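Worth knowing before you read on, the calculation uses all heavy atoms, side chains too, and leaves out hydrogens, waters and symmetry mates. Proteins get letters first, then strands, A, B, ... in listed order; numbering begins at 1 in each. Being a predicted model, the structure only gives us computed values, none of them experimental.
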Number of protein chains: 4
Amino acid sequence: MARIKDQHKLEQINKAACVLVLKTGFAGLKMADVAKEADVAAGTLYVYYPTKEALINSLFKEVKSEIVQVLINPKHHSLSFYNTFQKMWLSYFNFCMKFPEKMLFVEHFFHSGLLSKQTIDFAHSIMEPVFEFIKQAQNNELIKKGDVLIIQSQISGPIHETIKLILANKIKPTKTNIHLCFEMSWQAIRK
Amino acid sequence: MARIKDQHKLEQINKAACVLVLKTGFAGLKMADVAKEADVAAGTLYVYYPTKEALINSLFKEVKSEIVQVLINPKHHSLSFYNTFQKMWLSYFNFCMKFPEKMLFVEHFFHSGLLSKQTIDFAHSIMEPVFEFIKQAQNNELIKKGDVLIIQSQISGPIHETIKLILANKIKPTKTNIHLCFEMSWQAIRK
Amino acid sequence: MARIKDQHKLEQINKAACVLVLKTGFAGLKMADVAKEADVAAGTLYVYYPTKEALINSLFKEVKSEIVQVLINPKHHSLSFYNTFQKMWLSYFNFCMKFPEKMLFVEHFFHSGLLSKQTIDFAHSIMEPVFEFIKQAQNNELIKKGDVLIIQSQISGPIHETIKLILANKIKPTKTNIHLCFEMSWQAIRK
Amino acid sequence: MARIKDQHKLEQINKAACVLVLKTGFAGLKMADVAKEADVAAGTLYVYYPTKEALINSLFKEVKSEIVQVLINPKHHSLSFYNTFQKMWLSYFNFCMKFPEKMLFVEHFFHSGLLSKQTIDFAHSIMEPVFEFIKQAQNNELIKKGDVLIIQSQISGPIHETIKLILANKIKPTKTNIHLCFEMSWQAIRK
DNA sequence: AATGAATGAGATTTCATTCAT
DNA sequence: CATGAATGAAATCTCATTCAT
């Protein structure tokens, strides 16, 4: 038997790619740098991904999936919609604070022109459970009616912007600021 | 007056750079492509901008300025804050619909790692009048207190997301959708 | 006006590629070496040919055409078929002696798996006038009947082999050897 | 007797290398592909051959030897030279038809620049018995005088070309075509 | 001996920039 | 000023070879 394909190595590569996007912006994401950051030979990247494009697409799907996992965590289920929503919102906010590289990776590449249609479609389809959750609340007259995509972008958009402001050291992640941000989202969508 | 060389050609180049970002994403923005789209020789770009970085930074500042002009248009002044806000919001929304390439150019490059600190600082400073407008409303107890950057990102973030959804053909720019989007922003920030 | 695309430079590149095939065998034909041999920057090759494969295909077609020109030279026309054939044969032999790199280039790449079907088809189609010449002689009962491709390969095959032996210093291009080679071809095809 | 490791595996590898040359040309003969075609791991190739070059040189010598065996088969001995020659010619033609990958492997690599001088010398030396056979016939005034290399290339050259035409589906291996080919060779060399 | 993941030198190709015209 | 062919540093990617298992 040869060395088995190392799950750990794949994770190293993925992590490295995300971290580099956070550090240097993704315009300069170079395969050589990813390899160095992952402490792996350049050629090794191509054992796991046939092209740079494939790496980005695959990684995008993986991270997007992880994000959706965070959102639809069963632990969020609560008696009231407000409570569930709040838990979801906070989970996601905390996730973005903990792994800004992941949030930025998805944000940056979504409109970069580097993702395949297949990947974009995947990203939309995987969000279905989240959309369902929104629709139910709409049916129960708990939040505003209207296209779920608009409702959802009203929630995630400001979170991303706020995280970016924090990363840019323009604002601090104080309780006040986080609460303001949440409160605005809630007021935006509530009936 | 050989200073501004050929204003028309400069505009062609700027337009081309924006349009290409809209068409193919900004990750692969190539000088050769900008030249072709602008119907100009590659070398000509360097008559107007010394480097690609200069082109992007300069164009970013120009477009960002144009956007601020749209926001702080004196025509928006009205008796009530709500009225003024609504006019601003609509102006900006319509601007983004009319020139999505400009909105996306600014959006895409803002966190790309390709802009100089100087440009980033400029972008923040030029927004001062808008922040002032928000602060006044806060002082007059018309909208929520808190960091103006958070308030502002709550307004622009959803607009950008909604425009992107429209461009991606995920939703239609119907009166209902536009009104929903505005209403959510208003509910988000109002006291 | 910029520099005009330099016909001379294209010829330099083509010559260089042929020469390198002769010198180092074509398995090791490297773009960097072609550039160096042509006294041109590596990137310049890509001004003229989009890929290495394109360079090889294009060059192959050009050299093959040149060879056909040598074969169907109007000056060869003579009263007797024997005379015309002898002139053709000698022209081709001398061409191969003068430009062994061209002969070898065509020989080597023809069965290399690097040429596109289109190029292979071109190579066959361009030989039509030569086949016509053979067919006429067959109709006039001057040479053996049978598939022209077989007749033709009986003529060119030995020439190529002989040239290779000369290049490998195994035999000398003496009058005796050349005459023997021609005489065998003639005896092979004559009625 | 761990000398020859696994004879079967070695044959698989050799066959694979030949077959790939036939299928895809020799320019792109890759060790990984040879391994896959031989249904063996890449590393295994290096158990049998220290380098790619060694594989090619060794295989070349082996196949060339096999070819010479075919040519100097004692069964060909007959009363008349013509009969012997005809048997040799047919044996070789049939061998090439049965194992075109072997013929092409030798053909392709002979002038590829990838073989060592030692291998080239071996290839020439092993042909000595064949050259002797030709020389005897010359001494007996049965065939034309002249350098045996030229005589020999007049025989093998057309066979190779004809086989290639058959493989390329340009002609069919009919009795007529084969007979024409042989007849031309005979007329070429006979006194 | 056999495996195939990992390597890294070196190949092809790209693209911002220069410069002769 | 304008051009676009030419450049070459740097990027992506390949592949013969190694080596841990």
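- Counting non-hydrogen atoms under 4.0 angstrom, D/L55 reaches nothing in the nucleic acid.
- Within the nucleic acid shown, C/L10 has no heavy atom closer than 4.0 Å to any nucleic acid atom.
- Electrostatic pairing of A/K15 and A/E37 does not count as a salt bridge here, judged by no charged N lying under 4.0 Å from a carboxylate O.
- More than 12 heavy atoms of other residues, nucleotides or ligands sit less than 6.0 Å from atom CD of B/E11.
- Between B/E101 and B/K23 there is no salt bridge, since no side-chain nitrogen of the basic residue lies less than 4.0 Å from a carboxylate oxygen of the acidic one.
- Shown here, E/dA1 forms no base pair; nothing in the strands shown gives a Watson-Crick or G-U wobble contact with both key distances under 3.5 Å.
- Using the six-membered ring where Trp is involved, D/F109 and D/F26 have ring planes that are perpendicular, over 60° apart on the 30 and 60° scheme.
- The side chain of B/M31 lies closest to E/dT17, out of E/dA2, E/dT14, E/dT17.
- If you measure from atom CG of C/D39 to atom P of F/dG8, you get 10 Å, rounded to the nearest angstrom.
- Comparing B/L29 and C/L29 by the nucleotide of DNA chain E whose heavy atom lies nearest to each, the residue mapping closer to the 5' end is C/L29.
- For B/V47, taking side-chain heavy atoms from C-beta onward, the closest of the listed nucleotides F/dT17, E/dA2, F/dT3 is F/dT3.
- Nearest-nucleotide positions on DNA chain E place D/A42 closer to the 5' end than the other of A/A42 and D/A42.
- Atom P of nucleotide E/dA5 and atom NZ of D/K36 are separated by 12 Å, given to the nearest angstrom.
- Checking F/dA2, E/dT12, E/dT17 against every side-chain atom of C/K30, the shortest atom distance belongs to E/dT12.
- Checking E/dA1, F/dA5, E/dT17 against every side-chain atom of B/K52, the shortest atom distance belongs to E/dT17.
- Here the P atom of nucleotide F/dA5 and the NZ atom of C/K9 are 12 Å apart, to the nearest Å.
- Atoms OH (B/Y46) and P (E/dC15) sit 12 Å apart, rounded to a whole Å.
- When the C1' atom of F/dG4 is taken as reference, atom CG of B/D33 falls 15 Å away, rounded to whole Å.
- Proximity note for A/Y48 (side chain, C-beta onward) versus F/dT17, F/dA6, E/dA5: the nearest is E/dA5.
- Pairing for E/dT18 is with F/dA5, a Watson-Crick or G-U wobble pair whose two hydrogen-bonding atom distances lie under 3.5 Å.
- Picking from E/dA6, F/dC13, F/dA2 the nucleotide with the shortest atom distance to the side chain of A/T44 gives E/dA6.
- Nucleotide E/dT17 holds its P atom 10 Å from the CG atom of B/L45, rounded to whole Å.
- When the nearest nucleotides of DNA chain F are assigned to B/A41 and C/V40 by heavy-atom distance, the more 5′-ward of the two goes with B/A41.
- For the pair B/K102 and B/F99, the cation-pi criterion (under 6.0 Å, within 45° of the ring axis) is fulfilled.
- The interatomic distance linking A/E53 (CD) with F/dC13 (C1') rounds to 14 Å, in whole Å.
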